[in-house]
Amino acid sequence: ENKAQVAYTQQVTRSRNIPLLSGSIVIEHKITLLNYSLENFQVSFTNMQPSTMSKVQTVPQMRASVRSAQREGVRAAAVRTSSRPAPSVQLRNSAVRSLGHRAAPKGLFSNRTAVSTYAVAVPAQPTTPETPEFDPSQEFSGLEGRALRNAMMEYPPKREILSKIPEECFKRDTAKSLFYAFLSTAMTAACGILGYMYIPMTLAWTPAWIAYAAVTGTVATGCWVVAHECGHGAFSDNKMIQDTVGYILHSLLLVPYFSWQRSHAVHHSRTNHMDEGETHVPSPASKDSSQVQYKIKDTIGEEAFVIVHAFINLVLGWPLYLLKGASGGPVRGNTNHFYPYAGATGRHALFPGQWAGKVWLSDIGIAAVLGGLAYWAYVAGPMTVMALYVGPYIFTNAWLVGYTWLQHTDVDVPHFDGDNWDWSKGTFMTIDRPYGALIDFLHHRIGSTHVAHHLNHQIPHYHALKATNAIKEAYPQFYLYDPTPIHKAVYRIAAKCIAVVQVGNMWVWRSKSQQTVAA
């Protein structure tokens with residue numbers, strides 16, 4: 001946070017940072033003078049001779065020098081020049097882009113005679129907007145607008161972020177990973193055996209079978225998360241063991257392992273990107289499909305709309321995503337996780353190059369499991385398969401879609417497009433939520449440590465809590481945690497996250513159509 005970025009040309013002879021009091025810095029260089037407000041820093045240059053440098057000892061004195069420079073306006077303080085003129089200086093827009101701006105404001109830079117100067121940079125007070133400055137129609141989650149305010153700030157680069165995570169968090173333990181895979185699989189199998197043994201296969205026991213499906217599907221989600229970890233390369237250093245475990249577990253849950261591995265990697269690389277994101281990419285309010293949703297809500301009321309919206313996402317969302325790329329990035333078109341040539345080609349192809357062969361390999365696993373289920377239904381009857389397998393399968397799918405939905409969506413969590421998006425900002429729009437000790441145990445903390453998981457998906461789940469604590473300590477201003485109970489968060493998101501409108505450099509959710517939004 002105590003860094004000042006300076007655009008300069010080949011005139012610079014040398015530059016070094018010298019830590020002083022209260023995080024202020026001094027940069028020694030030869031440069032054209034300027035006075036410019038850069039994000040949270042007010043950077044001003046003054047002409048202080050080396051002989052007077054020893055006099056600059058305290059922050060108040062440095063700030064006095066800055067104020068003196070500021071009084072002269074944008075062109076900086078007047079300076080005493082050396083006897084020889086400086087060569088011509090041309091500052092291009094590319095130099096200004098490095099400061100986060102598209103073009104150089106006219107009159108900001110001026111060619112002056114080059115002199116040896118000292119630049120004093122003092123962190124200014126952040127100009128973070130408060131909640132009242134948001135559009136009056138803006139709604140808020142338990143984050144209370146933090147994500148919207150953070151979107152206006154400068155985020156640290158990826159390398160710096162990862163350096164804050166302890167090295168031991170990246171170490172994979174094959175034996176430990178195999179233990180968790182066995183534990184989740186054994187618990188799921190136990191639920192199935194108990195259901196088969198003790199619940200009669202009659203219509204009168206339908207409520208019991210629904211309860212069985214909810215419990216078994218919830219437990220089986222732990223298997224899904226383990227396979228998900230395999231797909232990310234966080235399970236083992238042994239790639240053969242890793243892919244074998246992941247392929248078997250995901251195939252048993254009718255997930256095309258390698259196809260999903262690729263699409264999910266794209267999701268991680270373009271989190272909260274309006275065009276290139278993958279899964280739960282919002283629809284602009286201007287689209288006809290969005291207007292239809294608004295009309296449906298107005299017609300049937302909010303409570304009924306929540307049921308419909310949640311059902312579409314949690315029950316139908318997963319198969320629709322696998323078969324036609326529903327909620328995927330618009331640049332990829334209608335993709336298909338079982339047919340690699342569907343959707344866009346070229347740069348935005350979901351399964352480019354060698355990934356096509358891996359899609360076919362995934363299909364073999366799915367075909368084998370479907371064949372086994374068909375034979376089971378032939379031997380034991382369709383109702384047995386429906387009760388013991390299909391019911392829990394639906395709940396497992398609801399959990400996995402729910403996690404992705406809730407960890408990246410809420411009324412005050414924005415999306416970005418074009419140059420307004422970058423990896424750090426998009427990734428830090430991920431939200432951790434309170435799922436409780438039991439769900440954290442069964443699902444290996446996938447929902448309560450999701451921020452760390454998105455910052456580096458190769459962190460094993462048994463190190464995720466330590467990584468999360470490190471991120472919270474290093475970046476408390478960027479880390480997002482919403483304490484809203486899960487059932488209330490689901491209701492709010494299903495009711496209000498319908499479509500997005502562009503506000504400034506971000507896209508924000510609106511629960512009602514035809515709202516006036518100040519850009």
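Keep in mind the model is a prediction, meaning the values are calculated, not measured.
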Report task. Indicate yes or no: does Arg492 engage Asp482 in a salt bridge with an N to O separation below 4.0 Å. Result -> yes
Requested in this report: Decide whether Ser283 and Ser290 meet the rule of one side-chain donor and one side-chain acceptor closer than 3.5 Å.
Outcome: yes
Within the side chain of [X], is there an N or O that forms a donor-acceptor pair under 3.5 Å with the backbone of [Y]?
X: Tyr462; Y: Asp173; result: yes
X: Asn336; Y: Leu323; result: yes
X: Arg445; Y: Ala464; result: no
X: Arg510; Y: Glu139; result: no
X: Ser259; Y: Phe338; result: no
X: Asp412; Y: Gln138; result: no
X: Asp422; Y: Lys425; result: yes
X: Asp440; Y: Tyr435; result: no
X: Thr396; Y: Gly217; result: yes
X: Gln407; Y: Ile431; result: yes

Requested in this report: Please step through ring-ring contact (aromatic ring centres under 6.0 Å, His included) for the pair His267 and His454, ending with a clear verdict.
Outcome: CA-CA 10 Å; His267 161 67; His454 261 261; 4.9 Å; yes
Does a side-chain heavy-atom distance below 4.5 Å link [X] with [Y]?
X: Cys230; Y: Asp243; answer: no
X: Phe305; Y: Gln293; answer: yes
X: Pro392; Y: Tyr212; answer: yes
X: Lys472; Y: Tyr481; answer: no
X: Asp432; Y: Ser448; answer: no
X: Thr221; Y: Ile439; answer: no
X: Leu178; Y: Ile241; answer: yes
X: Tyr247; Y: Phe258; answer: yes

Determine whether the aromatic ring centres of [X] and [Y] lie less than 6.0 Å apart.
X: Phe395; Y: Trp399; result: no
X: His268; Y: His453; result: yes
X: His408; Y: His450; result: yes
X: Tyr180; Y: His444; result: yes

**Report entry** Passing candidate, side chain to side chain contact (heavy atoms under 4.5 Å, CB included) with Ile366, options Val369, Ile364, Leu370
**Finding:** Leu370
Report task. Identify which one of Arg159, Glu160, Lys158 satisfies the side chain to side chain contact (heavy atoms under 4.5 Å, CB included) criterion when paired with Leu162. Result -> Lys158
Report summary line: The reported gap from CG in Asn238 to OG in Ser177 (rounded to nearest 0.5 angstrom) is 11.5 Å
Query raised in the report: What closest approach, in Å, do Trp421 and Thr271 show between heavy atoms, and which atom pair accounts for it?
Result: NE1-O, 2.7 Å
Requested in this report: Evaluate salt bridge (charged side-chain N to carboxylate O under 4.0 Å, His left out) for Arg262 paired with Glu278, printing each intermediate quantity in order.
Outcome: CA-CA 11 Å; Arg262 161 63 182 169; Glu278 187 66 16; over 6 Å; no
Requested in this report: Hey, could you give me each pair passing ring-ring contact (aromatic ring centres under 6.0 Å, His included) that has a residue in residues 346-367? Not counting sequence neighbours.
Outcome: His337-Phe351
Requested in this report: Quick one: sort the Trp260 and Trp224 rings into parallel, tilted or perpendicular, breaks at 30° and 60°.
Outcome: perpendicular
